[in-house]
Amino acid sequence: MPRYVPERALGDLACPYTGGFESFLRRNRDRLVADPRLAAELDSRDDPEHREAVLAQEEKRGSTPP
């Protein structure tokens, strides 16, 4: 069983919860941007290349638990 690195959202050692959280933020961005605490989090994760890579990885992973 691999050890996940909680700070990573991409790659073989990426924590599935971190990637899942980023995917959640992207899917719900329009609703969450009004919350000042989450707006800052969304702004810090606004790199389009990173976002697309995380979303593709999470789509490939599917909805099954790690």
Side-chain angles (χ1 to χ4, degrees):
M1 179 168 188
R3 285 199 110 142
Y4 299 117
V5 178
E7 297 81 22
R8 287 183 147 179
L10 290 171
D12 293 336
L13 296 179
C15 178
Y17 296 103
T18 303
F21 179 63
E22 288 200 21
S23 180
F24 168 82
L25 289 175
R26 292 295 139 217
R27 286 192 318 270
N28 296 285
R29 182 175 180 51
D30 293 339
R31 293 186 330 180
L32 300 174
V33 75
D35 184 317
R37 291 176 293 178
L38 290 174
E41 188 67 30
L42 288 166
D43 284 342
S44 73
R45 298 170 186 254
D46 209 23
D47 176 18
E49 289 181 24
H50 180 77
R51 178 181 63 234
E52 294 305 316
V54 169
L55 292 175
Q57 175 180 277
E58 292 308 303
E59 186 175 316
K60 183 179 177 183
R61 185 187 323 269
S63 61
T64 58

Once rounded to the nearest 0.5 Å, what's the spacing between atom [atom1] of [X] and atom [atom2] of [Y]?
X: Asp35; Y: Asn28; atom1: CG; atom2: CG; result: 12.5 Å
X: Tyr17; Y: Glu22; atom1: OH; atom2: CD; result: 16.0 Å
X: Leu38; Y: Arg29; atom1: CG; atom2: CZ; result: 11.0 Å
X: Gln57; Y: Asp12; atom1: CD; atom2: CG; result: 8.5 Å

Is it the case that one hydrophobic cluster holds both Phe21 and Leu32, taking links as side-chain heavy atoms less than 4.5 Å apart, direct or via other members?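 In one cluster with Phe21: Leu32, yes.
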Linking I/L/V/M/F/W/Y whenever any side-chain heavy atoms sit under 4.5 Å apart, do Val33 and Phe24 land together?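 Yes, one cluster joins them.
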Do the side chain of Thr18 and the main chain of Pro6 share a donor and acceptor less than 3.5 angstrom apart?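 Present.
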Remaining members of the apolar cluster that contains Leu55, side-chain heavy atoms under 4.5 Å: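 Besides Leu55, the hydrophobic cluster comprises nothing; the residue is isolated.
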Check Ala9 against Val54 and note the closest heavy-atom contact, atom names and distance.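 Looks like CB-CG2, 4.0 Å.
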